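Contents: one structure, followed by commentary.
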Amino acid sequence: MTRRRWEQSTPFEERVYAVVRRIPRGQTRSYGWVARQLGNPRLARAVGQALHRNPDMRRTPCHRVVAADGSLGGYALAPGRKRALLRSEGVVVLKI
DNA sequence: AAGTAAGAAATTT
DNA sequence: AAATTTCTTACTT
């Protein structure tokens with residue numbers, strides 16, 4: 001049962017959360033967009049990892065981060081949950 | 001300490 | 001559309 005402790009945010013996560021938190025409510029951003037803010041558009045995958053390890057999903061609007069092609073991308077919890085959250089903010093998901 | 005494996009994408013051809 | 005590329009973190013040895 002080697003459970004992962006130290007769920008503290010890593011230096012990289014800290015940077016990702018700073019950008020994600022900056023996203024205005026009601027708008028969606030893509031992983032690449034966040035990655036670009038970090039200085040490297042190819043960090044998209046690392047960004048997704050950081051969000052997955054999100055220590056405060058209630059605080060970090062990880063549901064506001066979607067894929068670049070308009071897809072919802074992924075979500076640790078139920079996928080429909082993400083769609084509902086976005087709809088609650090007035091975001092219309094064109095692609096599924 | 002070093003190496004290996006996996007991950008919620010993006011990019012390029 | 002398919003394959004490749006890229007970065008980070010976690011676990012194992």
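Reminder, nothing fancy here: chain letters follow the sequence lines and each chain counts from 1. These figures come from a predicted structure and were not determined experimentally.
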Give every donor-acceptor pair under 3.5 Å between a side-chain atom in residues 14-21 of chain A and any protein atom, sequence neighbours left out.
from: A/Y17; atom 1: OH; to: A/E13; atom 2: OE1; distance (Å): 3.1
from: A/Y17; atom 1: OH; to: A/A50; atom 2: O; distance (Å): 2.8

> To the nearest Å, how far apart are A/R36 CZ and B/dT11 C1'?
Replying inline: 13 Å
> Going by heavy atoms in the side chains, are A/V65 and A/T28 under 4.5 Å from each other?
Replying inline: no
> In chain order, what residues pass the side chain to side chain contact (heavy atoms under 4.5 Å, CB included) check against A/R81, with sequence neighbours excluded?
Replying inline: A/Y75, A/A78, A/L85
> What's the CG-C1' distance between A/N54 and C/dA10, to the nearest Å?
Replying inline: 17 Å
> Which residue pairs pass the side-chain hydrogen bond (donor to acceptor under 3.5 Å, both in side chains) test with at least one member in residues 84-93 of chain A, sequence neighbours excluded?
Replying inline: A/H63-A/E89, A/R64-A/E89
>> From CZ of A/R29 over to C1' of B/dA8, roughly how many Å is that when rounded to an integer?
In response: 19 Å
> Taking all non-hydrogen atoms of both residues, which atom of A/G32 and which atom of A/A44 are closest, and how far apart?
Replying inline: N-CB, 4.2 Å
> To the nearest Å, how far apart are A/Q37 CD and B/dA10 C1'?
Replying inline: 15 Å
Short N/O separations, protein against nucleotides 4-9 of chain C, under 3.5 angstrom:
from: C/dT6; atom 1: N3; to: A/R45; atom 2: NH1; distance (Å): 3.1
from: C/dT9; atom 1: OP1; to: A/T10; atom 2: OG1; distance (Å): 3.1

> Side chains of A/L43 and A/Y31: does their closest heavy-atom pair fall under 4.5 Å?
Replying inline: no
> For A/C62 and A/L51, which heavy atoms make the closest approach, and how far apart are they?
Replying inline: CB-CD2, 4.0 Å
> Does A/R29 have any side chain to side chain contact (heavy atoms under 4.5 Å, CB included) partners at least two apart in sequence or in another chain, and if so, which?
Replying inline: A/I23, A/Q27, A/W33
> What stems, by residue range, does DNA chain B take part in, given at least 3 consecutive Watson-Crick or G-U pairs under 3.5 Å?
Replying inline: B:1-7 with C:7-13, B:9-13 with C:1-5
